[in-house]
Amino acid sequence: MKKHLLLIFTIIIFCFCNNRSKNTSSKVIIDPNTTSEMAQLMRDMTYTLENLKSKLESKEKIDKNLLKFDLIHEQNVTDSSFNKPHIKPMSNAFNYSINEFNKNPNISNYNVIINNCKSCHQLSCQGPLMKINKLSIETKIL
């Protein structure tokens, strides 16, 4: 009887430990830090630009004044290391490229927007560059 209780107890402990290790190892952390206004804005912009890229590549008609984003430099940052002197002028340049696209929505103006993103991220936060590079639309040189 004692052997059976010991065996059952051992099986229960084994199963509990085994299930517990599976639960913790299967969790994937996508955004480990709390999301700042700037980070959320950039995630929203990425989503919008991905959709816009798809529409441009499939030659759908794009409405004027489609893009509306808050100014990047006016957003709260994740931490103070993102407060760099180039952010405001690059944010203004990005805003200018958005306005130009809204006046004349085409692939060339879209790529100017993406190049603005690349330029800023090369100076500040290089982590998203791989994703930003995928947003570009290749144009054939005639």
Side-chain angles (χ1 to χ4, degrees), residues 3-142:
K3 288 182 184 180
H4 293 294
L5 285 175
L6 182 59
L7 180 62
I8 292 172
F9 181 72
T10 304
I11 291 171
I12 291 171
I13 296 295
F14 177 75
C15 289
F16 177 74
C17 292
N18 194 20
N19 285 340
R20 187 162 201 154
S21 65
K22 286 181 186 175
N23 289 341
T24 56
S25 65
S26 65
K27 291 181 183 176
V28 176
I29 300 172
I30 295 172
D31 299 317
N33 300 321
T34 55
T35 303
S36 67
E37 290 176 351
M38 184 183 283
Q40 188 59 54
L41 174 63
M42 291 191 182
R43 288 182 188 132
D44 294 343
M45 288 189 299
T46 301
Y47 177 77
T48 301
L49 292 169
E50 286 171 336
N51 289 330
L52 180 56
K53 176 185 179 186
S54 177
K55 288 180 180 182
L56 287 166
E57 288 177 328
S58 63
K59 299 181 180 178
E60 288 183 37
K61 184 179 181 329
I62 307 296
D63 294 331
K64 291 185 177 185
N65 298 314
L66 175 71
L67 299 177
K68 292 178 177 53
F69 300 124
D70 293 333
L71 290 171
I72 296 167
H73 68 275
E74 291 180 352
Q75 307 306 300
N76 290 325
V77 295
T78 304
D79 66 58
S80 61
S81 68
F82 290 99
N83 287 329
K84 297 186 178 182
H86 69 273
I87 297 294
K88 185 174 182 180
M90 291 191 122
S91 169
N92 287 328
F94 178 79
N95 192 54
Y96 179 81
S97 67
I98 294 294
N99 290 332
E100 291 302 304
F101 178 87
N102 282 335
K103 291 178 198 172
N104 186 13
N106 60 48
I107 291 175
S108 178
N109 283 341
Y110 169 85
N111 279 333
V112 170
I113 293 169
I114 304 308
N115 287 334
N116 271 278
C117 298
K118 289 178 191 179
S119 296
C120 191
H121 278 273
Q122 286 172 342
L123 294 172
S124 293
C125 178
Q126 296 182 1
L129 278 171
M130 189 180 306
K131 188 165 188 136
I132 294 168
N133 287 332
K134 291 178 184 178
L135 291 172
S136 293
I137 299 175
E138 289 189 37
T139 54
K140 296 177 183 173
I141 301 173
L142 300 173

Q: For the atom pair CG (L49) and CD1 (I114), what is the distance rounded to the nearest 0.5 Å?
A: 4.5 Å
Q: Under 6.0 Å from the NZ atom of K118, do we count more than 12 heavy atoms belonging to anything else shown?
A: yes
Q: How long is the straight-line distance from CD1 of I107 back to CZ of F101, given to the nearest 0.5 Å?
A: 9.5 Å
Q: To the nearest 0.5 Å, what is the distance between OG on S36 and CG on N76?
A: 7.5 Å
Q: Would you say that I87 contacts F82 through its side chain, given a criterion of any heavy-atom pair below 4.5 Å between the two side chains?
A: no
Q: Suppose the criterion is side-chain hydrogen bond (donor to acceptor under 3.5 Å, both in side chains): which pairs have a residue in residues 62-73, not counting sequence neighbours?
A: H73-S91
Q: Measuring from L41:CG to T48:OG1, what's the distance to the nearest 0.5 Å?
A: 9.5 Å
Q: Supply the atom-to-atom distance N92 CG to L71 CG, rounded to the nearest 0.5 angstrom.
A: 6.5 Å
Q: If you measure from CG on N111 to CG on N115, what distance do you get to the nearest 0.5 Å?
A: 6.0 Å
Q: So, for N106 and L56, which heavy atoms are closest and what is the spacing to 0.1 Å?
A: C-CD2, 4.2 Å
Q: Using every non-hydrogen atom in the two residues, find where E100 and N109 come nearest and quote the distance to one decimal.
A: O-ND2, 3.5 Å
Q: Which atom names give the shortest non-hydrogen contact between I132 and C117, and what distance separates them?
A: CG2-CB, 3.8 Å
Q: Please check if any side-chain donor atom of D44 sits under 3.5 Å from a side-chain acceptor atom of Q40, or the reverse.
A: yes
Q: Compare every heavy atom of M90 with every heavy atom of C120, then report the nearest pair and how far apart it is.
A: CA-SD, 3.5 Å
Q: Which side-chain hydrogen bond (donor to acceptor under 3.5 Å, both in side chains) pairs, counting each pair once, include a residue from residues 121-135, with sequence neighbours left out?
A: H86-S124
Q: Is the shortest heavy-atom distance from the side chain of F94 to the side chain of M45 under 4.5 Å?
A: yes
Q: Specify the closest pair of heavy atoms between I72 and M38, including all atoms of both residues, with the distance to one decimal.
A: O-CE, 3.6 Å
Q: At their closest point, which heavy atom of L52 faces which heavy atom of Y110, and how far apart are they?
A: CD2-CD1, 3.8 Å
Q: Which residue pairs pass the side-chain hydrogen bond (donor to acceptor under 3.5 Å, both in side chains) test with at least one member in residues 52-61, sequence neighbours excluded?
A: S58-E60
